[in-house]
Every structure is written in structure tokens, then in C-alpha cells.
Amino acid sequence: MKKLKYYLLSVTFLSVGVFAQNQEEKEVKTGHVNNNKFKQLYDEFSSPNMYRAASGAPGTAYYQQQADYKMNLVLDDKNTKISGFETITYTNNSPDELKYLWVQLDQNQRAKDSKSPLIENSGVQPVMRPEEFTKKFLKTSLERGFNIEQVTDANGKALPHMINRTMMRIELPKPMVTGDKFSFSIKWWYNINNYIDEGGRSGYEYFEKDNNKLYVIAQFYPRMAVYSDVEGWQNSQFWGRDEFALPFGDFDVDITVPADHMLDGTGVLINRKEVYTKEMMKRYEAAKQSYDKPVLIVTQEEAEAAEKGFSEKTKTWKLRAKNVRDFGFATSRKFIWDMMAVKIGNKDVMAVSMYPKEGNPLWEDWSTKAVASTLESYSRMTFDYPYHKAISVHARRQGMEYPMICWNYGRPKEDGTYNDRTKYGMMSVIIHEVGHNFFPMIVNSDERQWTWMDEGLNTFVQYVAEQDFAEKHPDALSSGDEAYPSRRGPAAKIVNYMSGNQDFIAPIMTKGLNTYQFGNNAYGKPATALNILRETVMGRDLFDYAFKEYSRRWMFKHPTPEDFFRTMEDASAFDLDWYWRGWFYTTDWVDIAVKDVKKFYVSSKPNRFVKDLAEERGMKLKDLPPLVYLVEEGSEDFKSEMKKSSLLDNSKPLKEYIMDNFTPEEQKGIKSPKYFYNITFEKPGGLVMPIIVEYTYADNTKKIEEYPAQIWRLNDNEVTKAIASDKEIINIVIDPNLETADVDTTNNSWPKEVKESEFDNFKNKIKG
């Protein structure tokens, strides 16, 4: 009973003291709404419904429309013109009645009356190169954009339609109800753009030395817009930056080109024997059995011979694709062509490259191997690649993706030499663009609205795939590089952006067209956020399982950001609302600092805090119950002998308590720390993040401790940790491996090793 009495007196005495101290520090504040960083995202998210479940999965009534295409295309090489006749069969799977259909006309972004140039700033520069001046002020607009010759129904009857810049509305003879199909045809043509001179994501490059053109053709046909449960018709105009939202469907495409051209594109080539030579067929069969080395289908010698031909005859290539959202193709007589099989799951996929001689030797050495490695890495992180091939096409200054095919830059000098920047740039763009087959060609987010959902997710997996590629092909690394020098992904890569001028930074959850720094906002920051989530916050096992679940849930469907956020939590049992809010909905940055470190020793004698409090309460020290006193090193209460004595020798009450309350066997398990620390962490930055701390001890051993982000839940400014240690701590470093994108590392260590002026300069930079 005596021991219990002393214990209760101790608790009461200390509680009164702490309460009194808190009351003195308490400030009077007015009321406020819930602005806690760990508040759930109910205000930001729409309510779950029958179409999209609270778990992030498609709902029981989820639907999506289908658009099937049958196209006959003719490419006029002499006049750089493409003509097409397409029939679209549209299926209304929605519960809604549709009075009209919307079709995208992306080529109209380059039409003479396009508004796209008018939304860009274009001031007069005091000095300009002659070609820049001519292009800006002297050139007249070229004849570009769609020429729609007719829009008819299945019986050839004209359909009323209206063109609003890059969108065309088709008036239906009668409303479409659930389950209805409607077929209509469009006859069109346009002059193909020289993308080197005019810009654009597709078009042709002219090679003056041999008078040839290399075509990479996409966004070339009138394409159905998406109708969904989220916003009805996706009706955002194409201004040139934001990419595409498209429904899935089947494609039946015949493409007529000069007979000496080599062509490949989206879909299965169903007339291979008609368009291949016997030698090409023999090589193709060999490529189907080659898993470690690409097989040349068309050699460089053969491509150089073809460059001199200019056949007047034509040849038709027939491609068929099931359940794809788009179609693209490449064609030229300049193409060298190689292929290699890669095992994905239980099936073989063909990794393919097409490139002119100007791409060698770099492309022949590495393109197809990069394609194959990418398919393996992405399949491991998401789902097995479902298509039968993936094509990488060499195109100068290009990096663009379509189902089963993409174009990529990376051109050596004329003498065939290249530097590391060219080599790594070529490898990275191939990995990135092939990766787009997964995001958004299969996991089909709305690129027009949420650029980060395809570019950011894809850039994150690209980082993983780049590291994989270097492990599989160490000979691809340059001398001195121990790992692949990824440009985006690691936390440290985004620090300069996040610590920049806030006037020119937008949250990730911003329409791509309206962001200030497109590359950092849509690619870099979301990729870094996901990498930190994987490596530091969740751990690889939890993250990879949830990421794979999201990918599989939304294969061949149309996910929203909420579907991604909810699935990541649903499949991991990890509440991440705080993370999504901070990283995706704000422009806050990470900055966590060591504010203060105090070292304490145990003593039997009352310290100054207790003496003052006893005097204030009119109590005598001899009447106090047995207490353990902690004395700060360097204070007036501190005695140097405390360092030399053991814990129990320094505190008689503690020693008696342990002797009286623990058996000899239990006493053997009692810890005996000698040093006690009160460590205060502060958070000048707005983002709540885990506090990763490396403690270094006097014997030079180290220990890393990670305090979860929830440590900030009750105080967003600073938190304190009490540390009991049997070894003396001589150094403390926050985020020692640069895992959290902390923008100011000058305040990350104790003892502080930088001048205060350095931190002041940094704060001024942030305010600027």
C-alpha cells in the first residue's frame, strides 16, 4: 500500500506540474475548420456509386462504350498526302440516351484557322536566328488539317454534322438507347506535316541526301471521343499539349503505300506472305525462335538499296487489331527492320525495331533489347503484356506512343559516333514509350484531363525498368556508371522543382494544359511521389501488390485519379489520404529539421524544475515521494560524476523500486540505459512525411529509425522524441539517404554543421 501511495503521489505531482507548464504556454485562439493534414479526402473525392466502388474497383454497373473501325488508307508519298475512308460502328453500352456523337479531329489543331497558336505568348525578341525570324514572321500558314469530304450513314445517306475546331458532332437520325449500334462513314484527306519544321507528334521527316521520307503516322483519322459515367462526352479541345481520351474497339485497316516501302503498325499483319519477300519470311520465322539476339528482317544493305528505288507501284498492308484504343503506323523505304522474341508469361511476344541507317550503330545494338526488357519489367509490375508485338520506330526528335508501336529519338552523328547523353536518352525514351502500352493504352486514363495518370505512373515504372535493363545488360552502361543514370524517379531529382518559386508551380492534380512546368508536374513529381511511396512509406511488398491490383482492375477500362488512390489503399490496408493530399493536391514541399537536442542523466537529487514547483506549491522537498530526476547536461543541477555512475547508482529510488517489484530473474532483463535524450524535430516544410533518422554512437555504430508520418498528427510544427540509450549519441542526421525529397538538408543534422545564414538564404529562396 505504501508503494502504491508513493506512486499515486508521484503521478499527481508530476501531472500538476506539467498541467501548470502547459497552461502558461497555452495561447487563446479562435475556432477553425478541420485543417489537419491527416483529414480524410471526403471533400476532394466524389461519392462512390454503382459505376465506381469505394474500394477503387469498377462498380457493379460500370460500363464503357465501344468504337470499331474499318479503314482503307492511301499514302501518297510524292505529294505527302494521306486519304482515308473509314466506317465507325459505335455501340452505346451506357444507360443514357444519346442524341448525337462526338468525333475528334486532332489534325485540325494545325489548320489555318486553328486557335492553338493564339493562346501562347509570343513576344518580339531583340535577337533571332534568320530561320527563327522567317518561321515566326514571314511564313504563311500551310494547308493543314482535315478535309472532310462526306459523312454518311450505312446506306450512303448524308448525315448532318457540325465541326467545332478539333471536334465534330454527328447528328443521329434517332436517339441511341442502351445496346444500340450505329454505323457511319467518313471520307477525308489531309496534307501530312513535316514534323521537323512544323512540329507535331507525327508526320514525316525528309532526308535530303537520298530524297526520301520516313513517315510516323498517328492521330491521322477522325476518332471517337469517350462517353463515360464521369463527365458524359469528353469534350475538351485538342490544343496541342494534352493528349487523348479514346474508347476501345476493333480495327480493320488496309494501308496502301509505295511497293518498296516497309510498314508496320498496330495490329496483326494478316497478309505477311503477300508483302514480305521469301527471304524476309525465312528471317521472320528465325526471329520467332530467337530470344537473346535480334534477327534482321531487312538489313542495312537492303535498306540502302531500296532508298534509290522510288517504285511507281503500290502495295497494301492489312492490319487487324482487337480491343485497342487507337491505331498508328510507320512506313518508309529507308527502314532497317529487326525482331526478337521475348517470353511474357506463357506466350511469346515479338520485340521489333524499325530504323533508317542514320540510327546505326546505336539502334541495331540496343533498341530491340530495350523493348524486350521493358515488356518484362512492366509485366512484372502490372500484368502480362497482352498484345503480340511491341515496335520501336526511330524518328528524329520524337517520343510518342500508340498501341503496339511508338517512335523514339536518339540519333548518332553522321560518322556513327554518339555520346552518353544520346545513348541513354535513346534507351530511356524507348523504355518510356514502350511502357505507355500499359499506361494509358491498356489502363486507359483520360490523358486530356489528367496527364499525370499516364505520364507520371509510366515514368515511375520507367525508373524501375531502367534499373532492370542495366542489370540485364551491364554492357549497356558507360564506363564509370555503376547503375543506370535515371533522370527521374529518385527523390533527390525533384528537390530543385519543389523548392522553386511557388508562383510557377501547380499541384499535380491540374489539367496538363494549365501547368507551369509540364515535365516536372506531369512526369517528374508524380513519379517521385510513387517511388517514395514504394521505397520509404509503404515498402515494396505492400506497394507492388496494390499497384498491380490497380493495374489489373483497370485493364482495358477508364480509371480516374480517385480509382487509383482508393485502390492503393484498399489493397494495402494503408491509409494514404495524407499522402495524396500533400503530394498531389498541394504544392507543399518536404523540409524536416533537427530543432533541438538535450542530453539528460538520472539523479536522486531534485532538479531545478521540481525545486521551483515545490516552492510555488509551498511543499518541502523532504516530503516529496521517491522520484526519478532527469538532469540536463550542462545545467546547474548537473554533476560530472553522473557520467561515470550506472543508472541505478545514480537513482536510489529507482534502484529500490526495481529491487522491490521485480524478481531476480526479471531484474536480469531490465534495461540499463545511461544516456537520455530529448530530441525535437521541426517541420518548416508543409508536407507531412516520415522522419527517417540516423543515430551515430560514440563507438561509431549507426542505427536508422523511421518515425511514421502520423507523428505529426497532433502538432504540425514540431514533435519531440525521448530516447534512452546505453551508448552516447554523437551525431543525428535526418533523411541520410535522401529518400524524402527534403529540400533543405542544411538543417538535417546535429551537431549543426552549417551556418545559420545558409538556412536564411534558403528561406528567402522559398519565399521568392
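None of these values were measured; they are calculated from a predicted model. Only this structure's heavy atoms are used, side chains among them; waters, hydrogens and symmetry mates stay out.
- In this view, Tyr227 and Trp233 satisfy the ring-ring contact (aromatic ring centres under 6.0 Å, His included) rule, not counting sequence neighbours.
- Between Glu302 and Arg283 a salt bridge is recorded (basic side-chain N to carboxylate O distance below 4.0 Å).
- Residues satisfying the side-chain contact (heavy atoms from CB on, under 4.5 Å) criterion with Tyr206, sequence neighbours excluded, are Asn194, Tyr204, Glu208, Asn211, Lys213.
- With sequence neighbours excluded, the residues that form a ring-ring contact (aromatic ring centres under 6.0 Å, His included) with Tyr402 are Trp407.
- Heavy-atom neighbours of Lys322 NZ from other residues, nucleotides or ligands within 6.0 Å: at or below the threshold of 12.
- The salt bridge (charged side-chain N to carboxylate O under 4.0 Å, His left out) pairs that include a residue from residues 371-386 are Glu376-Lys472, Arg380-Asp468, where partners are two or more places apart or lie in different chains.
- Between Asp254 and Arg320 there is a salt bridge, since at least one side-chain N of the basic residue sits less than 4.0 Å from a carboxylate O of the acidic one.
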Next on the checklist: I'd like to know whether Ile297 forms a side chain to side chain contact (heavy atoms under 4.5 Å, CB included) with Phe335, so could you lay out the CA-CA distance, the side-chain angles of the two residues, the decisive distance to 0.1 Å, and finally the verdict.
Outcome noted: CA-CA 10 Å; Ile297 309 302; Phe335 278 138; over 6 Å; no
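- Within the structure, salt bridge (charged side-chain N to carboxylate O under 4.0 Å, His left out) pairs that include any residue of residues 412-430 comprise Lys209-Glu414 (at least two apart or interchain).
- Listed by chain and number, the residues in a salt bridge (charged side-chain N to carboxylate O under 4.0 Å, His left out) with Asp326 are Arg223 (sequence neighbours excluded).
- For Pro386, the side-chain contact (heavy atoms from CB on, under 4.5 Å) partners at least two apart in sequence or on another chain are Phe383, Ile442, Phe556.
- Residues that satisfy the side-chain hydrogen bond (donor to acceptor under 3.5 Å, both in side chains) test with Asn212, not counting sequence neighbours, are Asp210, Arg333.
- Open room surrounds CD on Glu301; 12 or fewer heavy atoms of other groups in view lie less than 6.0 Å from it.
- Distance alone, capped at 3.5 Å, places no donor-acceptor pair between the Asp76 side chain and the Lys81 backbone.
- When the shell of 6.0 Å around NZ of Lys343 is examined, it contains more than 12 heavy atoms from other residues, nucleotides or ligands.
- Atom CD of residue Glu358 and atom NE2 of residue His394 lie 7.0 Å apart, to the nearest 0.5 angstrom.
- Listed by chain and number, the residues in a side-chain contact (heavy atoms from CB on, under 4.5 Å) with Arg553 are Ser55, Ala57, Pro58, Glu549, Thr567, Asp570 (sequence neighbours excluded).
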Checklist entry - Checking salt bridge (charged side-chain N to carboxylate O under 4.0 Å, His left out) for the pair Asp242/Arg448: CA distance, chi angles, key distance, verdict? => result CA-CA 5 Å; Asp242 293 337; Arg448 190 64 54 88; 5.7 Å; no
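- Screening Tyr190, Phe329, Trp189 against Phe220 for a ring-ring contact (aromatic ring centres under 6.0 Å, His included) leaves a single residue, Phe329.
- The closest side-chain heavy-atom distance from Arg272 to Met281 is below 4.5 Å.
- Proximity of the aromatic rings of Phe182 and Tyr90 is defined here by a centroid distance below 6.0 angstrom, and this criterion is not met.
- The aromatic rings of Tyr215 and His261 sit tilted relative to each other, their planes meeting at an angle between 30° and 60°.
- Applying the side-chain contact (heavy atoms from CB on, under 4.5 Å) criterion to Asp292, with sequence neighbours excluded, gives Ser290.
- Taking the charged nitrogens against the carboxylate oxygens, Asp106 and Arg201 have no contact shorter than 4.0 Å, which rules out a salt bridge.
- Here the side chain of Thr266 pairs a donor or acceptor atom with the backbone of Pro403 at under 3.5 angstrom.
- Residues in residues 266-317 take part in these ring-ring contact (aromatic ring centres under 6.0 Å, His included) pairs, two or more places apart or across chains: Tyr276-Trp337.
- Aromatic ring pairs are classed by plane angle as parallel below 30°, tilted from 30° to 60° and perpendicular above 60°; the pair Tyr484 and Phe469 is perpendicular.
- Looking only at distances, no side-chain donor or acceptor of Thr87 sits under 3.5 Å from a matching main-chain atom of Lys70.
- Under the salt bridge (charged side-chain N to carboxylate O under 4.0 Å, His left out) criterion, no residue pair touches residues 397-407, with sequence neighbours excluded.
- Using cut-offs of 30° and 60° on the angle between ring planes, the pair Trp452 and Phe564 is perpendicular.
- If you run side chain to side chain contact (heavy atoms under 4.5 Å, CB included) between Thr368 and each of Lys293, Met350, Met339, Met340, only Met340 comes through.
- Checking side-chain atoms of Glu205 against main-chain N and O of Phe207 turns up no donor-acceptor pair under 3.5 Å.
- The only member of Tyr463, Phe460, Phe438, Phe439 that meets ring-ring contact (aromatic ring centres under 6.0 Å, His included) when paired with Tyr378 is Phe438.
- Without hydrogens or angle criteria, Asp250 side chain to Asp68 main chain gives no donor-acceptor distance under 3.5 Å.
- Counting only heavy atoms from C-beta outward, the side chains of Arg144 and Asn191 approach each other to under 4.5 Å.
- A centroid separation of 6.0 Å or more is found between the aromatic rings of Tyr221 and Phe327.
- Gln449 is not listed as a side-chain neighbour of Ser236, based on a closest heavy-atom distance of 4.5 Å or more.
- Annotation: Lys557, atom NZ; neighbour count of heavy atoms from other residues, nucleotides and ligands within 6.0 Å is above 12.
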